[in-house]
Amino acid sequence: MRARPTSRQLVRFAVIGAASAAAYLLLYLLLRSFTGAQVANVVALVTTQVANTAVNRRLTFGLRGSKGALGHQLGGLAAFAFGLGLSAGALWLLHRMDPGAGRVAEVAVLVVAQGIATVVRFLTLHAMMARREPGAAPA
């Protein structure tokens, strides 16, 4: 049985997530000034999510070294794919409903999409990285 999330993990994940989200939005806005919304979204997400998984692995879940790192990054990739699908779909829907939508509307839908994706990301990473409770049988 896996350990339940601790308040310490949630706080660390939230702080790392806030920094990651700020970097993502800043990068998105910079890229968006010379490329399309979908390209800016993909590049900004790829850039920030690999680092996010590595930092959460170490600071949120206390894992060091390379043992399990590839699997953790693959789990992070699955969470990334979910977030990418959600944010790409949100941008597509926004531009389908309002072809002239501006940056403020784009950022608004991305914030909502990434908020949902963050919850899924935490649950995914926690399920993979949380240490077992002492005396618990292997899963």
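The shown structure was predicted, so the numbers you read here are calculated from the model rather than taken from an experiment.
- For the atom pair Phe80 CZ and Leu74 CG, the distance stands at 13.0 Å (nearest 0.5 Å).
- Between the Gln114 side chain and the Val111 main chain, no donor and acceptor come within less than 3.5 Å of each other.
- By the rule that hydrophobic residues join a cluster once side-chain heavy atoms approach within less than 4.5 Å of another member, Val112 and Val104 end up as members of separate clusters.
- No chain of hydrophobic side-chain contacts below 4.5 Å, direct or via other Ile, Leu, Val, Met, Phe, Trp or Tyr residues, connects Leu91 to Ile116.
- Residues Leu84 and Leu29 share a hydrophobic cluster, clusters being chains of Ile/Leu/Val/Met/Phe/Trp/Tyr side chains in contact below 4.5 Å.
- With Tyr24 as the fixed residue, the side-chain hydrogen bond (donor to acceptor under 3.5 Å, both in side chains) test singles out one of Thr48, Asn41, Asn52: Asn41.
- Checked against Ser87 for a side chain to side chain contact (heavy atoms under 4.5 Å, CB included), the options Leu110, Val109, Val42 give a single hit: Leu110.
- Among residues two or more places apart in sequence or in another chain, the ring-ring contact (aromatic ring centres under 6.0 Å, His included) test is passed with Tyr28 by none.
- Tracing side-chain contacts under 4.5 Å through hydrophobic residues (I, L, V, M, F, W, Y), one never reaches Val15 starting from Val55; they form parts of separate clusters.
- Using a 4.5 Å cut-off on side-chain heavy atoms (C-beta onward), Leu63 and Arg58 make no contact.
- Environment of CZ in Arg103: crowded, with over 12 heavy atoms of neighbouring residues, nucleotides or ligands closer than 6.0 Å.
- Remark: side-chain polar atoms of Thr35 are not paired, donor with acceptor, to backbone N or O of Arg32 under 3.5 angstrom.
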Side chain to side chain contact (heavy atoms under 4.5 Å, CB included) between Thr60 and Ile16, intermediate numbers included: CA-CA 9 Å; Thr60 301; Ile16 293 165; 3.5 Å; yes
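- Counting heavy atoms from C-beta on, the side chains of Thr124 and Phe82 never come closer than 4.5 Å.
- Nearest heavy atoms, His95 versus Ala101: CE1-O, 3.9 Å.
- By the side chain to side chain donor-acceptor pair (under 3.5 Å) test, Arg12 is found to be paired with no residue, residues two or more places apart in sequence or in another chain being considered.
- Closest heavy-atom contact between Gln38 and Ala88: NE2-O, 3.1 Å.
- Between the side chain of Ser33 and the backbone N or O of Leu30, at least one donor-acceptor pair lies under 3.5 Å.
- At a threshold of 4.5 Å between non-hydrogen side-chain atoms, the residues Phe13 and Leu59 do not count as touching.
- Leu125 and Val119 fall within a single hydrophobic cluster, where Ile, Leu, Val, Met, Phe, Trp and Tyr side chains are chained together by heavy-atom contacts under 4.5 Å.
- Here the side chains of Arg57 and Phe61 are not in contact, with every heavy-atom distance at 4.5 Å or above.
- Contact of the Val39 side chain with the Leu31 side chain is not registered, since no non-hydrogen atoms from C-beta on lie closer than 4.5 Å.
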